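Structure first, commentary second.
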Amino acid sequence: MTSADDFSVAFHVGAHKTATSHLQWSLRDASAALADRGVRYYGPAHFRLPGRSIQRLFGLRGKPHRHKRSPQDQLALLRKGAQRLVLSEENYIGVLNSPRPKTVKLRYPEAATRVNALARAMDAGQIDVFLGIRNPATFLASAYSQMLLGGRLMTFDQFLELSPLASVNWLSLVKRFCRAAGVRSVTVWQYEDYEALFDQICSAMVGADAADVVKPINERVHPGFSRAAVDHILSQKGAEDVAALTQAARSRYPTGKEYAAFDGFNAADHARAAEVYAKHIAGIKALPKVTLLQP
């Protein structure tokens, strides 16, 4: 086992739709400079190649004899002598939208179990978990847009029947991480504060001595749909190439001054979501192991 005094692992687990891609791309662009500071970063560009998922690399999926390296050898290969290994892959803790039409009772129910399994496989001490959270209403609206982009068409009301507001419980997720034996710390921030907290997030994740090389990319990643785009997509439900339809609608009706962002909730829903979100944040702030970053 590698001494925790010499080496540590940070795992940015998402969540989805919390500017995760923006952070990943910013870290990717700084990866060479980070390596010079003793930090190795790996994100989706690495883990989504065939046979390179975290589960495959660390023997958490498939038969053991089919893996080329032991988990410890794989860790050494990724680490390359660095003192800090930073991983980012939101799909590891669960998918955003299930491909099957089933009701989601709780988002990311296996998240803590999966991180625990990774810590055991690495055998390099506890993992520092990093998590962005978001108002449940805007999170679900964004998840709905992502589902449409993936080619699955249904109304927002139909989507909410499968993914109700109550399924988004950030407090429950963080509590489960805190109870996990393989988790040393949990750093949390709100998506709504992401831009203001970017430097703090990077400093906590890669270390204060290396954070200055990570600069936010000047690009909006994966913009959502406007109301006009959603209406156009749903009006073309019989289209043969749904993927092309959704891409064209996003380009034709971009969110902005002319086209308002899609929002399927009413004022009462938003008030309820804001109240629940505030309770989640207050509860998270009081948990052991947790650092809640704030502007």
Side-chain angles (χ1 to χ4, degrees), residues 2-58 60 67-93 115 118-119 121-132 184-189 191 193-223 291 293:
T2 303
S3 170
D5 293 335
D6 301 324
F7 174 65
S8 60
V9 178
F11 193 173
H12 173 223
V13 298
H16 295 89
K17 315 312 296 181
T18 61
T20 298
S21 295
H22 183 277
L23 181 55
Q24 289 164 341
W25 291 16
S26 300
L27 289 165
R28 176 203 62 191
D29 287 355
S31 59
L34 286 171
D36 290 339
R37 302 285 184 94
V39 180
R40 290 284 177 177
Y41 166 75
Y42 298 90
H46 184 87
F47 296 126
R48 296 182 191 177
L49 292 172
R52 281 195 182 179
S53 70
I54 293 174
Q55 293 93 329
R56 287 284 185 185
L57 292 177
F58 287 95
L60 302 174
H67 300 125
K68 295 180 180 179
R69 302 179 181 88
S70 70
Q72 289 72 39
D73 286 344
Q74 184 60 61
L75 178 63
L77 181 66
L78 292 176
R79 179 186 175 185
K80 293 181 173 62
Q83 291 184 312
R84 180 77 155 174
L85 179 65
V86 178
L87 313 178
S88 182
E89 171 56 291
E90 64 271 35
N91 289 340
Y92 182 75
I93 64 169
V115 173
L118 180 61
M122 287 182 165
D123 192 26
Q126 294 172 301
I127 291 174
D128 297 318
V129 170
F130 291 81
L131 174 72
R184 179 172 67 173
S185 67
V186 187
T187 300
V188 182
W189 61 92
Y191 162 80
D193 296 328
Y194 171 75
E195 185 175 355
L197 291 174
F198 183 86
D199 290 342
Q200 284 192 55
I201 295 168
C202 292
S203 182
M205 195 176 296
V206 306
D209 293 340
D212 64 295
V213 303
V214 186
K215 306 298 181 185
I217 60 169
N218 187 24
E219 181 179 351
R220 186 182 178 191
V221 184
H222 305 316
T291 297
L293 300 181

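Starting from 1, each residue takes its place in the sequence as its number. What you see is a predicted model; the values in this text were computed from it and never measured.
Thr20 is linked by a side-chain contact (heavy atoms from CB on, under 4.5 Å) to His12, Thr18, Gln24, Glu90, counting only residues two or more places apart in sequence or in another chain. Looking at residues two or more places apart in sequence or on another chain, you find a ring-ring contact (aromatic ring centres under 6.0 Å, His included) between Phe11 and Tyr92. For the side-chain contact (heavy atoms from CB on, under 4.5 Å) test, residues two or more places apart in sequence or in another chain that qualify with Asn91 are His16, Arg48, Glu89. Here Glu195 pairs with nothing under the side-chain contact (heavy atoms from CB on, under 4.5 Å) rule; sequence neighbours left out. Annotation: side-chain contact (heavy atoms from CB on, under 4.5 Å) contacts of Arg84 (sequence neighbours excluded): Ser8, Ala10, Val39, Val86, Asp128, Phe130, Arg184.
Cys202 has its side chain within reach of Leu23: a pair of non-hydrogen atoms, C-beta onward, lies under 4.5 Å apart. Between Thr187 and Gln200, the closest side-chain pair of non-hydrogen atoms is not below 4.5 Å. Residues Gln72 and Asp123 meet the side-chain proximity criterion, which asks for heavy atoms closer than 4.5 Å.
Closest approach of Leu57 to His46, counting heavy atoms only: CD1-NE2, 4.2 Å. Nearest heavy-atom pair across Ala82 and Phe7 is O-CD1, 3.4 Å. The shortest heavy-atom contact between Ala119 and Gly125 is CB-O, 4.4 Å. Taking all atoms of both residues into account, the shortest heavy-atom contact from Arg37 to Val213 is NH2-CG1, 3.5 Å. Of all heavy-atom pairs spanning Leu78 and Phe58, the tightest one is CD1-CZ, 3.8 Å. Among all heavy-atom pairs drawn from Phe47 and Leu87, the shortest one is CZ-CD2, 3.8 Å.
Separation of atoms CD1 (Ile54) and OG (Ser88) is listed at 8.5 Å; rounding is to 0.5 Å. Once rounded to the nearest 0.5 Å, the distance linking CG of Leu118 with CD1 of Ile93 reads 12.5 Å. Here the CG-CG distance, from Leu85 to Leu75, works out to 6.5 Å after rounding to the nearest 0.5 Å.
A 6.0 Å sphere centred on OH of Tyr191 holds no more than 12 heavy atoms belonging to other residues, nucleotides or ligands. Atom CG of Asp212 is surrounded by more than 12 heavy atoms from other residues, nucleotides or ligands within 6.0 Å.
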Exercise answer: donor-acceptor pairs, residues 25-35 side-chain atoms, under 3.5 Å, sequence neighbours excluded:
from: Ser26; atom 1: OG; to: His22; atom 2: O; distance (Å): 2.8
from: Ser26; atom 1: OG; to: Ile217; atom 2: N; distance (Å): 3.1
from: Ser31; atom 1: OG; to: Arg28; atom 2: O; distance (Å): 2.8

